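These notes are about the structure you will find just below.
Since the structure is predicted, the reported quantities are computational estimates derived from the model, not experimental observations.
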Amino acid sequence: MITYHLALTGMSCASCVSRIEKALLAIPDVQNAQVNLVNQSAAVSTIKNIPVDVLIKAIKHAGYGASVINNLEEEESTKALIEKSYYRHLTYKTIFAAIVGFPLLVMGMLDFMPSLITPVGRQINIGLCFLTFLTLVYSGGHFFIGAWKALRNHAANMDTLIALGTGVAWLYSLFAILFTKWLPPLAQHVYFEAAIIIIALVNLGALLELRARRHTSGAIKRLMSLQPKTARIIRINEEIDIPIEDLLIADLVRVRPGEQIPVDGIVVEGQSHVDESMLTGEALPKEKKMNDKVVGGTLNKSGSFIFKTTRVGKETTLAQIIQLVQHAQNSKPALARLADQVAGVFVPVVMIIAILTALIWFNVGAEPRVAYMLVTSMAVLVIACPCALGLAVPISVMVGVGKAAEQGILIRQADALQQAGQVTTIVLDKTGTITLGKPQVTGVYAVQKMDEQQILIMAASLEVGSEHPLAEAIINAAKDRGHSLLPVTNFQAISGYGVNGTIQEKLIWLGNAKLMDLQKIPIEGALKNQTEQLAALGQTPLYLAVDEQVIGMITIADPIKPDSKEAIIQLQKMGLKVIMLTGDHHGTAQSIAAAVNISDVLAEVLPQDKAKKIAELQAMKHIVGMVGDGINDAPALAQADVGFAIGTGTDIAIESAGIILMSGSLQGIVNAMLISRQTVGNMKQNLFGAFIYNIIGIPIAAGILYPFTGLLLNPMIAGAAMAFSSVTVVGNANRLRFFNPRNNIS
Ligand code: ADP
Ligand code: MG
């Protein structure tokens, strides 16, 4: 699957979203198309490589503009420029419409409008007719162009509604001037001020919306600002500052106190403390010494060091985070797709309602029927603009995803953001999730004539071929004691059980009790008892067997992360069921679970069965969040309703998880859930805010209250209400920016 990213122009409202999506989906090989109204972009996934021109052409054909996004930073700055000039022009247009419209409005309210029957009055009106025509062209031209483009595609959008509403008002006024006598006396009236004020108000709404929207992309701007412009590189006999784009892999870079680390790498000299909070959300600076990984964008505190670059350019963690956040901000949760569908049918429905309103007023309405017909259908057209509807959900997603990134929580898909807060059951992997994932050998026991040293040497030699954290622990223990390892042939890893291989022509097995069972190697009573005792202390026992005989045992312990228990208790307080899932020994698992307040334990589960366990929980109507390291838990993460990958701070390419926690802390799950709940709540408020104006407004605009109270909605008030609805939505979404999960923990 290949994904193309396009910048779009000419979109005005929610109905444009579904139009462009439809146009893209109509192209063969296009699998998925997501258009985002908030930052005017499209993400298109195709089965195979296709020329981008095909996509651009299809969008142009639908009446919009498109260009490819190559460089995110460049894109961001050109977009800022375009937006700035757009904003300036829109300001002029709005001011001009207000200057023309306001005096007319005052005159109308004071009943000062020149008469249509006196010759002088007629002349003034003809003058106004020209003036308002110019204003419509200058200040409101974009509505008419948009409406025309839509019409050519046999479609209608928000522009259509505004253009129709104001255009009809102006045409009616022209008609009233030219053929005054044909109209009943009470309908001899012009509506120039209504047309102009509506244009001014809708423009004003768009301006306010643009302003508020600028803040929503703050997260990306903040991330981009973390990247320094230059790096001090060490060449054979000199040190120079070079632009960061010129850095290559394996360059040596010096970082001085207080400097930002330019790209990713490994420390080769010196030591320091590094503040990684901007990426992980973790407040405490981390110690960095020889061979430790450093991440671009983080801040060096007091020391000075040299590191060798490992990832530069688009490959750096920071660049990937930016890309991830940007994509997630553009993705749509189920709620948004629903809103888009509604918006897609909204405009035609509104037009039908407007026509019905006009027909009813014309046929059975009160006098002056013609004037009322005009006022009511105009008000219906204007108030029913589905503008805020298209913004409601995406704008919350933008803010919510950005907010999460600030806390070191990377959200891959908006769907994960929508779902995280609904999770009822959290399944935690043990190794690397609850525990540090840095196990250490705690004991080596010899059973027969062998000595402990030989046991450790054999075990370590075998484990060289394995990537399991336990293997690392055993190898490190042997190295620390200065042992040299033996050559191994026929190495084999048995996932969830252990390893085997041949050393000095003897077949050797190393693994858990299940492995011994599987090989029918007996474990004698005394050793078994000892094993259970050690397991009850949280240690993982591994057996070493040669010639079908257990000759030794190695115990390994993986310390629990200091804040695991606290986070688990918080999850439980939030009403979640917390379960531990592990491949480790029952006793060991129980002991660790007890230490972190977990009572439900699924132990000795083979890696391939972990996903099955999740599915079983789902079948019992649990909404499951699975938390794992993303390496051997990938199928389980993918199976869960929401997969949380516990990151190491550098690995963010974990595709199987919907949410990546940059810091290793389980507190991230609590925060992610709180942010999710807050964001979904915000989306719903926005949808309500967007709909309420329409739902209450349309019947009133159509004149439903007139028979009872004589109340009609002035089309200008309709214009104000519709402008206000987008401002409400954007403003409400911005409220999310101030949400802090820390203040919401009981
Ligand atoms: P976890 O759920 O803790 O991540 P795994 O499924 O990765 O556990 O492994 C489960 C068990 O299998 C380990 O606790 C260990 O007993 C055994 N095992 C797996 N790989 C190895 C290995 N390379 N060496 C020794 N034992 C292993
Ligand atoms: Mg694991």
Side-chain angles (χ1 to χ4, degrees), residues 93-116 121 124-144 147 158-178 180 183 186-206 350-351 354 357-358 361-362 365 368-385 693 697-698 700-703 706 711-725:
K93 290 178 179 186
T94 311
I95 292 174
F96 187 72
I99 290 174
V100 175
F102 191 68
L104 290 179
L105 178 67
V106 174
M107 272 159 62
M109 284 198 308
L110 298 179
D111 233 355
F112 250 31
M113 279 305 262
S115 152
L116 280 175
I124 295 176
N125 268 304
I126 289 168
L128 285 179
C129 186
F130 275 112
L131 180 64
T132 51
F133 180 75
L134 285 179
T135 316
L136 279 185
V137 171
Y138 173 67
S139 300
H142 51 289
F143 297 115
F144 290 90
M158 160 185 154
D159 293 332
T160 317
L161 298 181
I162 301 290
L164 264 180
T166 57
V168 167
W170 186 85
L171 283 175
Y172 176 86
S173 308
L174 178 67
F175 182 86
I177 296 175
L178 294 179
T180 316
L183 290 169
L186 276 172
Q188 294 174 0
H189 192 321
V190 290
Y191 291 93
F192 294 132
E193 85 281 18
I196 302 304
I197 292 286
I198 287 170
I199 297 279
L201 283 169
V202 177
N203 280 348
L204 180 69
V350 166
M351 286 165 69
T357 305
W361 275 98
F362 187 73
R369 272 187 283 175
V370 189
Y372 280 158
M373 167 185 90
L374 186 77
V375 169
T376 49
S377 49
M378 200 157 84
V380 167
L381 287 174
V382 173
I383 202 161
C385 265
Y693 288 96
I698 294 176
I700 298 180
Y706 184 84
L711 184 81
L712 279 181
L713 192 66
N714 186 321
M716 287 179 277
I717 306 244
M722 101 119 254
F724 199 65
S725 85

Hey, could you give me each pair passing side-chain hydrogen bond (donor to acceptor under 3.5 Å, both in side chains) that has a residue in residues 129-142? Not counting sequence neighbours.
-> K93-H142, T132-W170, H142-N203
Residues two or more places apart in sequence or in another chain: which of them pass side-chain hydrogen bond (donor to acceptor under 3.5 Å, both in side chains) with T94?
-> none
T160: what forms a side-chain hydrogen bond (donor to acceptor under 3.5 Å, both in side chains) with it, not counting sequence neighbours?
-> N157
Can you see which heavy atom on A176 is nearest to which on H189, and at what distance?
-> CB-O, 3.7 Å
Heavy-atom pair with the smallest gap, counting every atom of P715 and V382 | O-CG1, 4.3 Å
Under 3.5 Å, is there a donor-acceptor pair between the side chain of R369 and the main chain of W361?
-> no
Do the side chains of [Y] and [X] get nearer than 4.5 Å, heavy atoms only?
X    : Y    : answer
E193 : M107 : no
Y172 : V375 : no
I383 : L713 : yes
I177 : F192 : yes

Would you please name every residue forming a side chain to side chain contact (heavy atoms under 4.5 Å, CB included) with A358, sequence neighbours left out?
-> M373, S377
For L134, enumerate each residue passing the side chain to side chain contact (heavy atoms under 4.5 Å, CB included) test, keeping only those at least two apart in sequence or located in another chain.
-> none
Taking everything shown except F362 itself, do over 12 heavy atoms lie less than 6.0 Å from its CZ?
-> no
Partners passing ring-ring contact (aromatic ring centres under 6.0 Å, His included) against F144 (at least two apart in sequence or in another chain) = none
